[in-house]
Amino acid sequence: MPKSLTQPEIPDPPFVAVIGAGPAGLMAAEVAAAAGHLTVVFDRMPSAGRKLLMAGRGGLNLTHSEPLEQFLDRYGPARFALEPAVRAFPPEALIAWCKALGQSTFVGSSGRVFPRAMKASPLLRAWLSRLDRLGVLLLARRRLISWDEATLVFEGGARVAPSATVLAMGGASWPRLGSDGTWADALDGLAVAPLRPANCGFVVAWSEHLRARFAGTPLKRIAMAFGGTTVRGEAIITADGIEGGAVYALSRLLRDAIAADGAAVLWIDLRPDLSVEEVARRLAAPRRGQSLATFLRKAVGLPPVAIALVGEALHRDGPSGSLAELIKALRLPLVAAAPIARAISTAGGVRFASLDESFMLRRRPGTFVAGEMLDWEAPTGGYLLQASFATGAAAGRGVVRYLEDRAA
């Protein structure tokens, strides 16, 4: 661990302050320090990169290998705001950056890009060592509580007046890892879109039987549809509802529909590899005294959790159409989005309209914003980390230009 992580003293100005030691903040710090500016990273947690380490438990999906135009479309309404930063630091640049840290990558079968180590800790250690060599100071347990034109005030009373500031305090998901979203209320003067869960699960009013027997059970090889979009993948039944990759891919549409209408209906195809005609043909075979569960398992290959969903739908909605149609388009009412603290990421944040092209606040010259504090969202698959790194690099470049212009 670099010795600067335990550095107890805040240096005298001038220096660049970065608030938040996640991917966006650390990347901004690297860019500023590489240009010769003394840079200090403040983080309220005891150590850096905690959410990055958590993401690494699942393999650390850094970015994606698909063509850049298609990649950029994944950011939806925020595409044009994020595009300059991502084009300036695209997936190829992130891969090269990892390689320079001694962490080679590979492309998985889905096109996702992972470090060969399949975890975040070696990458983070190498990165912190580089930052230490660049002279970056990382000060832990320093929580920013207020902010004005020239001064940052930290819990405990410390006050600093940096030459430039990068705010990279994250969203509001997984707050125990450091990003609790309280900055949205604490930092006056920021134009902030309300923080909402993204890549989240949803609440379902399960029967007690289904909840008790199948909570934690994966639902594999399915397709889900909502709002004209269909996604193949997997999900998992939870005690309160449903989550997982296929659900996350539709979460923005589902969340917004629930916000507008109070509820949404997710449609599940339990056998997407079979046509409804083929399912009907198989179900036309004689049952020969078999229970419905046994018949569905043998005739159509449904696992117990899928059979339970069929039973739940029949009990809730009653017979409607054929059994084959139910298997191919099972109606699942969603009551609410899961709490933001349990979401993978966060939508909402500092509005792009309040920033210039270098991610500097128009009304606060010298203050930049990066990462998940910004008003954007993206599906899982590498798009989240890519934009965090890219906006961090863009904010760092903005700091360098700002300080150069002031010195001219």
Side-chain angles (χ1 to χ4, degrees), residues 197 200-287 289-339:
C200 59
F202 291 86
V203 178
V204 179
W206 298 128
S207 68
E208 186 55 39
H209 166 74
L210 190 141
R211 178 184 294 109
R213 184 171 179 187
F214 292 103
T217 304
L219 191 60
K220 299 184 176 182
R221 295 184 295 278
I222 58 168
M224 292 184 165
F226 181 78
T229 300
T230 300
V231 177
R232 284 201 182 208
E234 299 184 359
I236 188 167
I237 304 298
T238 69
D240 300 321
I242 191 167
E243 61 183 40
V247 180
Y248 302 153
L250 296 169
S251 63
R252 178 173 64 85
L253 297 173
L254 291 166
R255 180 200 66 217
D256 291 350
I258 291 172
D261 304 325
V265 173
L266 177 64
W267 297 92
I268 306 178
D269 185 344
L270 297 171
R271 284 306 307 266
D273 53 325
L274 299 178
S275 67
V276 66
E277 292 80 13
E278 176 60 18
V279 173
R281 185 190 69 77
R282 295 188 183 194
L283 293 178
R287 286 178 58 172
Q290 299 176 95
S291 68
L292 178 60
T294 299
F295 182 60
L296 291 176
R297 175 175 60 83
K298 291 184 175 180
V300 194
L302 294 185
V305 64
I307 294 169
L309 289 178
V310 170
E312 191 96 340
L314 288 171
H315 178 75
R316 181 186 62 239
D317 302 329
S320 178
S322 68
L323 188 57
E325 291 170 333
L326 176 60
I327 290 169
K328 292 293 292 178
L330 185 141
R331 179 179 177 273
L332 185 64
L334 306 180
V335 177

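We number each residue from 1, following the sequence as shown.
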J.: Are any non-hydrogen side-chain atoms of L283 and F295 less than 4.5 angstrom apart?
T.: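 Side chain of L283 against side chain of F295, heavy atoms only: contact under 4.5 Å found.
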J.: Is any side-chain heavy atom of L270 less than 4.5 Å from a side-chain heavy atom of V300?
T.: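 In short, these two side chains do not touch, never coming nearer than 4.5 Å.
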J.: Minimum heavy-atom separation for A246 and M224, please, with both atom names.
T.: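 That closest heavy-atom pairing would be CB-SD, 3.9 Å.
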J.: Strictly by salt bridge (charged side-chain N to carboxylate O under 4.0 Å, His left out), give each pair with a member in residues 257-270 just once, sequence neighbours left out.
T.: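 Counting only pairs at least two positions apart or across chains, the salt bridge (charged side-chain N to carboxylate O under 4.0 Å, His left out) contacts touching residues 257-270 are D269-K328.
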J.: Is any side-chain heavy atom of V204 closer than 4.5 Å to a side-chain heavy atom of L334?
T.: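 A side-chain contact exists here, since the closest heavy-atom pair is under 4.5 Å.
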J.: What is the minimum heavy-atom distance between F226 and A257, and which atoms define it?
T.: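 That closest heavy-atom pairing would be CZ-CB, 3.5 Å.
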J.: Please give me the minimum heavy-atom distance between P272 and I222, naming the atom from each residue.
T.: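 Nearest pair, atom of P272 first, then I222: CG-C, 3.8 Å.
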J.: Which heavy atom in A308 sits nearest to a heavy atom in F214, and how many Å separate them?
T.: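 For A308 versus F214, the nearest heavy atoms are CB-CE1, 3.3 Å.
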J.: Look up atom OG in S251 and atom CG in L266, then write down how far apart they are to the nearest 0.5 Å.
T.: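 S251 OG to L266 CG: 11.0 Å, rounded to 0.5 Å.
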J.: R255 side chain to P197 main-chain N or O, any donor-acceptor pair under 3.5 Å?
T.: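 Yes.
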J.: Determine whether a donor-acceptor pair (N or O, by modelled atom type, separation under 3.5 Å) exists between the side chain of R271 and the backbone of V279.
T.: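 No, R271 side chain to V279 backbone: no donor-acceptor pair under 3.5 Å.
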J.: Evaluate R297 against L302 for side-chain contact (heavy atoms from CB on, under 4.5 Å), listing each step before the verdict.
T.: CA-CA 5 Å; R297 175 175 60 83; L302 294 185; 5.8 Å; no
J.: Could you pull out the closest heavy-atom pair between A225 and T230, with the gap in Å?
T.: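 Smallest heavy-atom distance, with atoms named: CB-OG1, 3.6 Å.
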J.: Which heavy atom of E312 sits nearest to which heavy atom of A205, and what is that distance?
T.: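 Closest approach of E312 to A205: OE2-O, 4.3 Å.
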J.: Would you find a donor on one side and an acceptor on the other, under 3.5 Å apart, between the side chain of R232 and the backbone of A223?
T.: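 Between the backbone of A223 and the side chain of R232 there is no qualifying donor-acceptor contact (under 3.5 Å).
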J.: Would you check if F202 and L254 make a side-chain contact, meaning some heavy-atom pair closer than 4.5 Å?
T.: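 Touching, per the 4.5 Å side-chain cut-off.
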J.: Please examine the side chains of L309 and W206, heavy atoms only from C-beta on, and report whether any two atoms are closer than 4.5 Å.
T.: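 W206 vs L309: side chains touch.
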J.: Is there a side-chain contact (heavy atoms from CB on, under 4.5 Å) between L292 and L323? Walk through the geometry before answering.
T.: CA-CA 11 Å; L292 178 60; L323 188 57; 4.0 Å; yes
J.: My understanding is that only residues two or more places apart in sequence, or in another chain, count here; which of them pass salt bridge (Lys or Arg N to Asp or Glu O under 4.0 Å) with R281?
T.: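 Partners of R281 under the salt bridge (Lys or Arg N to Asp or Glu O under 4.0 Å) test: E278.
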J.: Do other residues, nucleotides or ligands put more than 12 heavy atoms under 6.0 Å from the CZ atom of R221?
T.: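 Open.
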J.: Rounded to the nearest 0.5 Å, what's the gap from CG on L253 to CD1 on I258? Could you check?
T.: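 Rounded to the nearest 0.5 Å, the CG-CD1 separation comes to 11.0 Å.
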J.: Is there a side-chain contact (heavy atoms from CB on, under 4.5 Å) between R331 and W267? Walk through the geometry before answering.
T.: CA-CA 5 Å; R331 179 179 177 273; W267 297 92; 3.5 Å; yes
J.: Would you say P303 and K220 make side-chain contact, with heavy atoms under 4.5 Å?
T.: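 Counting from C-beta outward, P303 and K220 never come under 4.5 Å.
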J.: Less than 4.5 Å apart, side chain to side chain, heavy atoms only: is that true for T294 and R287?
T.: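 The answer is no, as the side chains (C-beta and beyond) never meet within the 4.5 Å cut-off.
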J.: Kindly indicate whether the side chain of I237, heavy atoms from C-beta on, has any atom under 4.5 Å from the side chain of I242.
T.: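 Yes. Closest side-chain heavy atoms under 4.5 Å.
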